[in-house]
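Below you'll find the structure, written out as structure tokens, and then a few comments.
The figures here come from the full heavy-atom set of this structure, side chains too, leaving out hydrogens, waters and symmetry mates. A note on names: the letters A, B, ... follow the listed sequences, proteins ahead of strands, and every chain is numbered from 1.
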There are 2 protein chains.
Amino acid sequence: MKDLTEMLKGVLEGVVLQKIHAGETYGYEITKYLNELGFEDIVEGTVYTILVRIEKKGLVDIEKKKSELGPARKFYKLNVKGEEELKGFWKRWAFIEEKMNVIREQKDV
Amino acid sequence: MKDLTEMLKGVLEGVVLQKIHAGETYGYEITKYLNELGFEDIVEGTVYTILVRIEKKGLVDIEKKKSELGPARKFYKLNVKGEEELKGFWKRWAFIEEKMNVIREQKDV
DNA sequence: ACCACTATATAGTATTACAAAGTAGTTAAC
DNA sequence: GTTAACTACTTTGTAATACTATATAGTGGT
């Protein structure tokens with residue numbers, strides 16, 4: 001799917017938070033997951049900038065673990081603040097989704 | 001609803017296109033419509049920048065008409081290119097919406 | 001005269017996804 | 001033993017967008 005970039009703003013961070021919420025994970029894995037899911041154009045750099053951001057916001061706990069296949073992995077886990085942020089994200093999403101349905105059905109007055 | 005700004009990126013322009021698609025309208029009216037719909041923080045400046053943008057992209061035809069209540073109104077109407085863009089917008093939205101449902105249901109592997 | 005409401009315009013800002021390039025570890029092929 | 005392929009993280013700079021702030025202007029009521 002093309003021209004998704006702008007629509008992903010404010011959404012992609014929430015997606016990453018949800019993925020981390022679903023189970024301790026790391027950047028490379030998140031990228032692969034998003035690619036398989038259908039977001040084919042999302043590259044590592046994009047994911048890593050988001051990870052740096054959510055770390056700075058203090059939403060995650062981090063643990064470094066050795067990998068058998070390459071450099072060490074940085075595992076991310078949502079902390080309490082991160083879980084709160086994720087809840088807020090889904091609330092905002094639900095709001096937008098609802099309004100979009102109203103707008104789409106809107107007829108000329 | 002707070003902190004909606006980022007999530008509106010790439011969405012708000014489509015919403016404006018849809019509103020124009022539903023019937024010839026102008027900036028001030030679009031702003032009021034969005035406010036009544038629940039997007040309370042969207043102000044005129046935001047809408048006007050979008051209108052300038054879609055005009056530059058060549059998505060609309062414009063007609064100036066006198067108002068009984070103030071300065072002249074600039075009425076916007078989608079042209080063929082605008083209708084195409086609107087279709088593409090809803091396709092992108094449907095894509096994101098579908099993926100978001102998958103992500104939300106995702107369980108730990 | 002002043003205020004409220006209608007109506008448009010625009011320069012500057014913050015945030016974000018993405019591009020691009022680099023660093024580094026492991027394994028296998030040649 | 002070096003080259004390639006895959007894994008894995010980092011960082012600098014860019015483009016696009018919603019928003020802030022401010023300005024201009026017409027109409028009507030008091």
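Across the protein-nucleic acid pair, Asp3(A) atom CG and dC18(C) atom P stand 11 Å apart, rounded to whole Å. For the pair Ile62(B) CD1 and dA9(C) P, the interatomic distance rounds to 8 Å; values are reported in whole Å. The CD1-P distance, from Ile54(B) to dA16(D), rounds to 17 Å in whole Å. Rounded to an integer number of Å, the gap from Ile50(B) CD1 to dT10(C) P is 16 Å. When the C1' atom of dA9(C) is taken as reference, atom NZ of Lys64(B) falls 10 Å away, rounded to whole Å. As rounded to whole Å, 11 Å separates atom P of dC18(C) from atom CG of Asn35(A). The CG atom of Leu4(A) sits 16 Å away from the P atom of dA16(D) (whole-angstrom rounding). Across the protein-nucleic acid pair, Lys32(B) atom NZ and dT8(C) atom P stand 12 Å apart, rounded to whole Å.
Within the 6.0 Å centre-distance limit, the rings of Phe39(A) and Phe95(B) are counted as a close aromatic pair.
For Arg92(A) and Glu85(A), the salt-bridge test passes: some basic side-chain N is under 4.0 Å from an acidic carboxylate O.
Ranked by how close their nearest DNA chain D nucleotide is to the 5' end, Arg73(A) and Leu8(B) are led by Arg73(A). Comparing Glu6(A) and Ala72(B), the nucleotide of DNA chain C nearest to each residue sits closer to the 5' end for Ala72(B).
Classification of the Trp93(A)-Trp93(B) ring pair by plane angle, with boundaries at 30° and 60°, yields parallel.
Considering only the side chain of Tyr76(A), dT10(D) comes nearest among dA16(D), dT10(D), dT7(D). Listed nucleotides dT6(C), dC18(C), dT20(D) differ in distance to Thr46(B); the shortest reach to its side chain belongs to dT20(D).
Contact annotation: Arg53(B) side-chain N/O to dT17(D) OP1/OP2 distance is under 4.0 Å. Taking 4.0 angstrom as the limit, Lys74(B) places a side-chain polar atom (N or O) nearer than this to OP1 or OP2 of dA9(C). Between Thr5(A) and dC18(C), a side-chain N or O to OP1/OP2 separation shorter than 4.0 Å is present. For the OP1/OP2 pair of dT8(C) and a distance below 4.0 Å, the side-chain nitrogens and oxygens of Tyr26(B) include no atom meeting the criterion. Proximity of Tyr48(B) to the phosphate of dA9(C): no side-chain N or O atom is located under 4.0 Å from OP1 or OP2.
Residues Tyr48(A) and Ile62(A) share a single hydrophobic cluster, defined by chaining ILVMFWY side chains whose heavy atoms lie under 4.5 Å apart.
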Would Lys81(B) and Glu84(B) satisfy salt bridge (Lys or Arg N to Asp or Glu O under 4.0 Å), going step by step from the backbone distance to the final call? CA-CA 5 Å; Lys81(B) 201 175 167 187; Glu84(B) 285 299 318; over 6 Å; no
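Using modelled atom types, one side-chain atom of Lys99(B) and one backbone atom of Leu37(A) make a donor-acceptor pair closer than 3.5 Å. No side-chain donor-acceptor contact under 3.5 Å links Thr46(B) to the backbone of Ile42(B).
Surrounding NZ of Lys65(A) are more than 12 heavy atoms belonging to other residues, nucleotides or ligands, all under 6.0 Å away.
Geometrically, Lys74(B) does not engage Tyr76(B) in a cation-pi contact, judged by NZ or CZ lying under 6.0 Å from the ring centre and within 45° of the ring axis.
With hydrogens and angles ignored, no donor-acceptor pair closer than 3.5 Å exists between the side chain of Lys9(A) and the base of dT15(C).
Counting non-hydrogen atoms under 4.0 angstrom, Leu51(B) reaches nothing in the nucleic acid.
Listed by residue number, Glu44(B), Gly45(B) are the residues of residues 38-45 of chain B with a heavy-atom contact under 4.0 Å to DNA chain C.
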Enumerate the protein-to-nucleotides 26-30 of chain C contacts in which both atoms are nitrogen or oxygen and the separation is below 3.5 Å.
residue	atom	partner	partner atom	Å
dT26(C)	O3'	Glu68(A)	O	3.3

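Looking at Leu4(A) and Asp41(A), their side chains never come closer than 4.5 Å, going by heavy atoms from C-beta outward.
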